[in-house]
Structure formats: C-alpha cells, structure tokens
Amino acid sequence: MAIEFNTIQKEGLSVQIANAIRNAILEGRLAGEERLPSEADLAERFGVSRSTVREALKRLAAQNLIRSERGSSGGAFVNRMTWAEAQDNLMTTTRLLIGMNDIPLEDAIEARFALEAAALPLAAEKTHRRPAGRTCTRNFPAEKP
C-alpha cells in the first residue's frame with residue numbers, strides 16, 4: 001500500500017528571524033523605542049546573510065513593529081504603538097480575517113462576546129482606580145434592548 005505525503009512547506013529564514021524579533025517585542029524583551037542590533041550583528045547572531053536580515057526587518061516594518069532611521073544615530077527601532085493605532089490594526093485584521101476566510105457572522109459575534117467578557121474585569125479595575133470626577137473619554141454605542 002502506497003502512503004501519500006503532503007508537500008512540506010519550510011518557512012524561510014527571514015520569516016523565522018522576523019518571528020524571533022516579533023516574539024521578543026511581544027514578550028517585552030525589546031521595549032518601545034529600543035534600538036535593535038545592527039544588520040551585521042543580527043546576521044552574525046542568526047548565522048545568515050545581511051540581506052536575509054534586511055528582508056526580516058522589512059517584514060517587521062510592514063507590520064509597523066519597527067521603523068528605520070538614517071544617520072549616525074540611526075538604525076532599526078521598535079515602534080511604540082498608540083491605542084488608536086492598535087485599535088485600527090485590530091479592526092483591519094479582524095475585517096481581513098472575516099472577509100478572506102469566510103467566517104460566519106455568528107462566529108465573529110461569539111468571538112466579540114468572548115473578548116468583551118475577558119476585557120470586563122480590566123475595565124472595572126480601571127474604572128475603580130480612576131480619580132473622582134474623571135470620566136471615560138470614549139463614546140460607546142448604547143445597547144439595543
């Protein structure tokens with residue numbers, strides 16, 4: 001009996017490097033505004049060429065996780081994301097996931113309820129810690145009965 005195997009897709013080196021740097025940012029090992037090591041340094045650490053590192057950095061820049069600055073004090077820096085940028089990125093990603101993957105509306109609503117339930121304790125804690133007289137600056141739509 002012949003066994004059929006699916007083709008194995010290998011991640012490219014630049015994808016692996018981008019993922020490693022992204023994970024360092026997400027885990028807090030690289031902070032906002034922190035300068036990344038030079039391309040040459042990263043190439044040596046990962047055992048790859050500078051062009052592979054450059055491709056990884058382009059991926060991260062396209063995701064708005066880092067930015068490049070020129071000059072003697074330049075280099076690649078971790079971006080500090082604002083709440084507005086995070087919200088915009090989340091909305092865009094959500095729309096793409098739903099639109100491109102044919103996710104039923106019911107599943108999207110269920111996911112929203114799960115996120116809201118998870119965020120509720122944090123919101124309550126922040127409200128509890130808010131100084132007297134200070135109100136929330138966001139306008140939330142009223143719920144329909």
Side-chain angles (χ1 to χ4, degrees), residues 1-131 134-141 143:
M1 176 160 113
I3 298 174
E4 291 184 33
F5 293 100
N6 293 332
T7 305
I8 296 173
Q9 297 288 329
K10 250 178 121 174
E11 267 188 343
L13 291 174
S14 64
V15 173
Q16 293 177 50
I17 293 167
N19 287 340
I21 295 170
R22 179 178 31 260
N23 288 340
I25 293 168
L26 294 174
E27 294 167 2
R29 291 181 283 131
L30 285 171
E33 303 304 322
E34 187 173 342
R35 177 194 240 174
L36 294 175
S38 69
E39 284 181 6
D41 225 10
L42 288 170
E44 186 177 324
R45 288 183 193 190
F46 287 106
V48 297
S49 68
R50 286 182 60 188
S51 63
T52 302
V53 168
R54 203 171 296 123
E55 187 178 334
L57 296 178
K58 285 179 185 177
R59 286 177 175 279
L60 294 168
Q63 296 168 5
N64 204 26
L65 291 174
I66 66 166
R67 69 181 183 285
S68 294
E69 294 181 7
R70 296 179 188 255
S72 59
S73 62
F77 294 85
V78 177
N79 276 336
R80 185 175 302 279
M81 190 177 291
T82 66
W83 281 108
E85 290 169 332
Q87 181 181 13
D88 186 45
N89 288 345
L90 180 60
M91 289 175 59
T92 301
T93 302
T94 302
R95 286 183 182 133
L96 286 171
L97 281 171
I98 292 171
M100 294 174 72
N101 294 306
D102 197 26
I103 296 173
L105 181 60
E106 294 80 15
D107 289 353
I109 292 170
E110 187 176 332
R112 177 184 170 189
F113 286 145
L115 282 170
E116 287 174 351
L120 190 59
L122 178 61
E125 181 183 324
K126 285 186 174 232
T127 300
H128 179 71
R129 289 186 288 156
R130 186 174 287 125
R134 185 164 175 231
T135 60
C136 183
T137 58
R138 290 210 180 265
N139 293 325
F140 295 99
E143 289 194 20

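Only a predicted model underlies this, so the values are computations on that prediction, with no experimental measurement involved.
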I need the minimum non-hydrogen distance between [X] and [Y], along with the two atoms involved.
X     : Y     : result
Glu33 : Phe77 : O-CD2, 3.5 Å
Asn79 : Ile66 : ND2-O, 3.3 Å
Ala56 : Ile17 : CB-CG2, 3.7 Å
Glu55 : Ser14 : OE2-OG, 3.0 Å
Ala31 : Val78 : O-CB, 3.3 Å
Glu69 : Arg67 : OE2-NE, 2.9 Å

Contacts of Arg22 that satisfy side-chain hydrogen bond (donor to acceptor under 3.5 Å, both in side chains) - sequence neighbours left out:
Asn19, Gln63
Measuring from [X]:[atom1] to [Y]:[atom2], what's the distance to the nearest 0.5 Å?
X      : Y      : atom1 : atom2 : answer
Ile25  : Glu34  : CD1   : CD    : 9.5 Å
Leu65  : Leu57  : CG    : CG    : 11.5 Å
Leu26  : Ile21  : CG    : CD1   : 12.0 Å
Leu97  : Arg95  : CG    : CZ    : 12.5 Å
Arg112 : Ile109 : CZ    : CD1   : 8.5 Å

Can you list, pair by pair, the side-chain donor-acceptor contacts under 3.5 Å of residues 40-50, counting residues two or more places apart and other chains?
unit_1: Ser49; atom_1: OG; unit_2: Ser51; atom_2: OG; d: 3.0
unit_1: Ser49; atom_1: OG; unit_2: Thr52; atom_2: N; d: 3.3
unit_1: Ser49; atom_1: OG; unit_2: Thr52; atom_2: OG1; d: 3.1
unit_1: Arg50; atom_1: NH2; unit_2: Glu39; atom_2: OE1; d: 3.4

Take Glu110 and Glu106 through the side chain to side chain contact (heavy atoms under 4.5 Å, CB included) test and state the conclusion after the steps.
CA-CA 6 Å; Glu110 187 176 332; Glu106 294 80 15; over 6 Å; no
Around atom CD of Glu85, are there more than 12 heavy atoms of other residues, nucleotides or ligands at under 6.0 Å?
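More than 12 within 6.0 Å, yes.
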Please name all residues satisfying side-chain contact (heavy atoms from CB on, under 4.5 Å) with Leu90, sequence neighbours left out, ordered by chain then number.
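Scan of Leu90 (side-chain contact (heavy atoms from CB on, under 4.5 Å), adjacent residues dropped) gives Thr94.
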